[in-house]
Trainee: 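Okay, handing you the structure first.
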There are 2 protein chains.
Amino acid sequence: MARLEELSNQKRSFATGDYLYRSGDRFKSLHAIRSGSFKTRVLHEDGREQVTGFLMAGEIVGLEAISTDIHTCEALAMEDTEVCELPYAKLAELSREIPSLQRHLHKIMSREIVRDQGIMLLLGSMRAEERLAAFLLNLSQRNAIHGMSATQLRLRMSRMEIGSYLGLKLETVSRAFSHFQDEGLIQVKARAVDILALHRLREMVGK
Amino acid sequence: MARLEELSNQKRSFATGDYLYRSGDRFKSLHAIRSGSFKTRVLHEDGREQVTGFLMAGEIVGLEAISTDIHTCEALAMEDTEVCELPYAKLAELSREIPSLQRHLHKIMSREIVRDQGIMLLLGSMRAEERLAAFLLNLSQRNAIHGMSATQLRLRMSRMEIGSYLGLKLETVSRAFSHFQDEGLIQVKARAVDILALHRLREMVGK
DNA sequence: TCGCTATTTTGACATATATCAAGTCAAACG
DNA sequence: CGTTTGACTTGATATATGTCAAAATAGCGA
């Protein structure tokens with residue numbers, strides 16, 4: 001990451017709701033999130049939408065567009081957010097010269113594939129509460145990576161967005177939160193979630 | 001693809017049910033399918049499994065393992081299948097020398113991300129029959145790419161495998177097939193499917 | 001070809017989640 | 001402060017899909 005950011009010539013800032021890119025936009029650069037977060041979503045002709053990811057600081061946005069040079073999903077800031085622009089042409093050129101950068105780029109793309117397959121597993125074979133547990137554990141883990149609390153989460157997304165991501169309706173998400181709270185697994189107050197029993201959440205998703 | 005295959009030094013053959021690799025195996029090479037097909041699946045600790053893809057001739061298997069050098073899913077042949085081994089180290093080296101190969105490799109990985117996000121959309125926001133329609137259209141399209149019929153499909157996978165891939169139970173898949181047949185959309189005879197009304201299937205998935 | 005086994009279809013019924021409809025709550029604003 | 005607005009929660013009910021069980025069919029080895 002450090003190496004990636006060094007080659008960035010440009011930084012950009014976004015406010016909540018701003019688009020980093022939209023579906024159909026021409027692809028030129030990847031973006032590394034320095035602070036803040038984005039959600040990505042794909043839109044269906046008939047208006048349905050699916051949130052495909054919530055991206056945090058340190059993560060790379062836009063990988064899906066390399067395949068066709070056109071963005072196939074859109075990315076919106078969920079709070080004040082700053083990114084480094086990583087022009088793809090430059091990245092490609094440099095990664096031809098620096099094997100470790102090449103390796104790193106490959107890993108980032110491959111990791112995105114692994115992540116997506118994990119979500120496929122979640123959407124294809126888990127029940128509502130298991131999905132939410134997996135979601136919370138994932139946020140917890142990524143929070144911890146950034147040196148933040150693994151148990152105190154401040155959700156940046158609405159119940160509806162969580163529902164879209166998890167393939168559930170917002171009411172179902174809300175009920176699952178309430179149920180977790182009744183069970184003493186978490187403490188919920190709107191978008192502030194305190195995880196009281198990490199281990200029991202882990203048991204729920206089978207690990 | 002042609003360029004990729006040229007650099008393959010080794011070909012391997014598989015019979016139905018043979019593993020190309022298993023979860024946990026060390027990653028060394030990608031594999032290009034010359035003929036036949038694989039299914040890939042991820043396993044959950046508690047025994048649940050999710051089929052993450054059905055791969056055909058011309059497609060590349062193993063991309064998910066680049067991220068950690070360990071395979072996170074497994075690939076099984078669904079029929080007699082031949083692959084070209086593409087040693088990753090060699091591929092990386094060559095793609096540093098040949099920009100067009102580098103570009104191609106990036107596109108292959110990015111395309112896999114796009115594919116996975118399409119499946120997330122399917123699993124997260126489509127109903128059972130829409131999923132099956134999307135699945136059949138996808139097979140039809142890939143069949144056509146290989147110069148085969150876009151309407152006469154010979155499924156290599158069971159109803160259960162289709163169900164796992166689509167996040168449905170096998171009975172639901174079977175019922176959807178039967179219903180499509182009653183509606184005159186397709187003609188089903190076990191694993192031989194004849195699409196009678198491509199356009200109506202397309203309408204179902206909204207395009 | 002016969003018979004065995006696995007796969008697929010179909011039916012009756014159960015259930016998880018969606019839908020519809022009020023409520024509640026909290027932040028934002030005049 | 002009271003009002004408005006959007007987000008969230010909760011309840012009652014509907015529905016799509018899952019579950020269980022049996023029958024039909026297809027594929028396969030002897």
Side-chain angles (χ1 to χ4, degrees), chain A residues 15-17 39 47-51 78-79 122-136 153-183 185-194 204-205, chain B residues 15-17 39 47-51 76 78-80 122-136 153-183 185-194 204-205:
Chain A
T16 306
K39 67 169 174 179
R48 273 182 285 198
E49 73 173 67
Q50 171 78 25
V51 172
M78 296 199 295
E79 60 191 307
L122 178 149
L123 292 173
S125 62
M126 291 171 68
R127 337 264 237 73
E129 297 198 348
E130 295 170 328
R131 295 183 199 188
L132 186 63
F135 173 70
L136 291 173
L153 310 177
R154 280 253 295 296
L155 306 182
R156 303 254 103 98
M157 64 297 281
S158 69
R159 299 290 187 264
M160 200 165 97
E161 289 168 327
I162 296 172
S164 172
Y165 182 63
L166 299 179
L168 302 169
K169 294 295 159 177
L170 70 92
E171 293 96 329
T172 304
V173 174
S174 176
R175 279 184 241 270
F177 269 119
S178 299
H179 187 222
F180 283 1
Q181 180 164 252
D182 294 346
E183 296 283 312
L185 295 172
I186 62 176
Q187 180 70 37
V188 191
K189 203 167 157 197
R191 297 191 182 184
V193 176
D194 198 347
M204 284 192 63
V205 303
Chain B
T16 307
K39 68 170 174 179
R48 270 181 289 196
E49 74 172 67
Q50 171 78 26
V51 172
L76 296 91
M78 296 198 296
E79 60 190 307
D80 285 347
L122 177 149
L123 292 172
S125 62
M126 291 171 67
R127 336 266 237 66
E129 296 197 349
E130 294 170 329
R131 295 184 199 189
L132 185 63
F135 173 71
L136 291 173
L153 309 177
R154 281 254 294 294
L155 306 182
R156 303 255 103 100
M157 63 296 280
S158 69
R159 298 291 187 262
M160 200 166 96
E161 289 168 327
I162 296 172
S164 172
Y165 181 65
L166 299 178
L168 302 168
K169 294 294 161 177
L170 70 92
E171 294 94 329
T172 305
V173 174
S174 178
R175 278 185 242 273
F177 269 120
S178 299
H179 187 220
F180 282 1
Q181 180 163 253
D182 293 347
E183 295 285 310
L185 295 172
I186 63 177
Q187 179 69 38
V188 192
K189 203 169 159 194
R191 298 190 180 185
V193 176
D194 198 346
M204 285 192 62
V205 302

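Keep in mind that what you see is a predicted model, and the values were worked out from it rather than measured. Throughout, a chain's letter reflects where its sequence line sits, starting with A, and its residues are numbered from 1.
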Trainee: Between the protein and nucleotides 10-16 of chain D, which nitrogen or oxygen pairs are less than 3.5 angstrom apart?
Mentor:
| from | atom 1 | to | atom 2 | distance (Å) |
| --- | --- | --- | --- | --- |
| D:dT10 | OP2 | A:Ser178 | OG | 2.5 |
| D:dG11 | N7 | A:Arg175 | NH1 | 2.8 |
| D:dG11 | O6 | A:Arg175 | NH2 | 3.0 |
| D:dA12 | N6 | A:Arg175 | NH2 | 3.4 |

Trainee: Output the rounded distance in Å from CE (A:Met157) to C1' (D:dC8).
Mentor: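 Whole-Å distance recorded here is 16 Å.
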Trainee: In whole Å, I'd like the distance from the CE atom of B:Met78 to the P atom of D:dG27.
Mentor: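 After rounding, the reported distance stands at 17 Å.
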Trainee: Who are the salt bridge (Lys or Arg N to Asp or Glu O under 4.0 Å) partners of A:Glu129, not counting sequence neighbours?
Mentor: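 A:Glu129 satisfies salt bridge (Lys or Arg N to Asp or Glu O under 4.0 Å) with no other residue.
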Trainee: What's A:Gly167 touching, base or sugar-phosphate or nothing? Going by heavy atoms closer than 4.0 Å.
Mentor: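 Contact class for A:Gly167: sugar-phosphate only.
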Trainee: Drop me the distance from A:Leu122's CG to B:Gln50's CD, to the nearest 0.5 angstrom.
Mentor: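 A:Leu122 atom CG to B:Gln50 atom CD measures 9.5 Å (nearest 0.5 Å).
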Trainee: Could you list where the contact with chain B starts and ends along DNA chain C, reading 5' to 3', using a 4.0 Å heavy-atom cut-off?
Mentor: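 Reading along DNA chain C, I get C:dT7 to C:dA12.
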Trainee: Could you check B:Ala190 against A:Val173 and say which one's nearest nucleotide on DNA chain C is further toward the 5' end?
Mentor: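 Its nearest nucleotide being more 5', the pick is B:Ala190.
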Trainee: Give the rounded distance in Å between these two atoms: CZ of B:Arg191 and P of D:dA26.
Mentor: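 That distance rounds to 13 Å.
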Trainee: For B:Ala133 versus B:Val205, what's the shortest heavy-atom pair and its separation?
Mentor: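 So the minimum-distance heavy-atom pair works out to CB-CG1, 3.8 Å.
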Trainee: How long is the line joining CE of B:Met160 and P of D:dT17, in whole Å?
Mentor: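 After rounding, the gap between these two atoms is 20 Å.
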Trainee: Could you grab the distance from atom CG of A:Asp194 to atom CD1 of A:Ile186, nearest 0.5 Å is fine?
Mentor: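 Rounded to the nearest 0.5 Å, the CG-CD1 separation comes to 9.5 Å.
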Trainee: Under 4.0 Å between a side-chain N or O of B:Lys169 and OP1 or OP2 of D:dT19?
Mentor: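 Looking at the OP1 and OP2 atoms of D:dT19, one of them is under 4.0 Å from a side-chain N or O of B:Lys169.
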Trainee: With rounding to the nearest 0.5 angstrom, report the OG to CG distance, A:Ser125 to B:Leu168.
Mentor: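 Output value for this atom pair is 12.0 Å.
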Trainee: Can you tell me how far apart CZ (A:Arg127) and CG (A:Leu132) are? Round to the nearest 0.5 Å.
Mentor: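 A:Arg127 CZ to A:Leu132 CG: 14.0 Å, rounded to 0.5 Å.
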Trainee: Let me know the distance between CG of B:Leu123 and P of D:dT17, rounded to the nearest Å.
Mentor: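 Computing the B:Leu123:CG to D:dT17:P distance gives 13 Å.
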Trainee: Does D:dT9 have OP1 or OP2 under 4.0 Å away from a side-chain N or O of A:Arg159?
Mentor: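 It does, given that an N or O in the side chain of A:Arg159 lies less than 4.0 Å from OP1 or OP2 of D:dT9.
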Trainee: Taking ring pair (Phe, Tyr, Trp, His ring centres under 6.0 Å) as the definition, give me every residue that meets it alongside A:Phe180, ordered by chain and number, with sequence neighbours left out.
Mentor: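 Result, ring pair (Phe, Tyr, Trp, His ring centres under 6.0 Å) vs A:Phe180: none returned.
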Trainee: If an axis is fit to five pairs at each end of the helix from C:dT1-D:dA30 to C:dG30-D:dC1, what is the angle between the two, to the nearest 10°?
Mentor: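 It comes to 40° between the two terminal axes.
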Trainee: Roughly how far, to the nearest 0.5 Å, is CE of B:Met157 from CZ of B:Arg191?
Mentor: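 Here the rounded value is 8.5 Å.
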Trainee: For B:Leu166 and D:dG18, give me the distance from atom CG to atom C1', rounded to whole Å.
Mentor: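 So the two atoms are 15 Å apart, to the nearest Å.
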Trainee: Tell me whether B:Arg156 contacts the main-chain N or O of B:Met78 through its side chain, where contact means a donor paired with an acceptor under 3.5 Å.
Mentor: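 No, because the side chain of B:Arg156 does not come within donor-acceptor range (under 3.5 Å) of the backbone of B:Met78.
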Trainee: Rounded to the nearest 0.5 Å, how far does NZ of B:Lys169 lie from CD1 of B:Ile162?
Mentor: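 Those atoms lie 15.0 Å apart.
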Trainee: Applying salt bridge (Lys or Arg N to Asp or Glu O under 4.0 Å), name anything that partners B:Lys39, two or more places apart in sequence or on another chain.
Mentor: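 So B:Lys39 forms a salt bridge (Lys or Arg N to Asp or Glu O under 4.0 Å) with B:Glu161.
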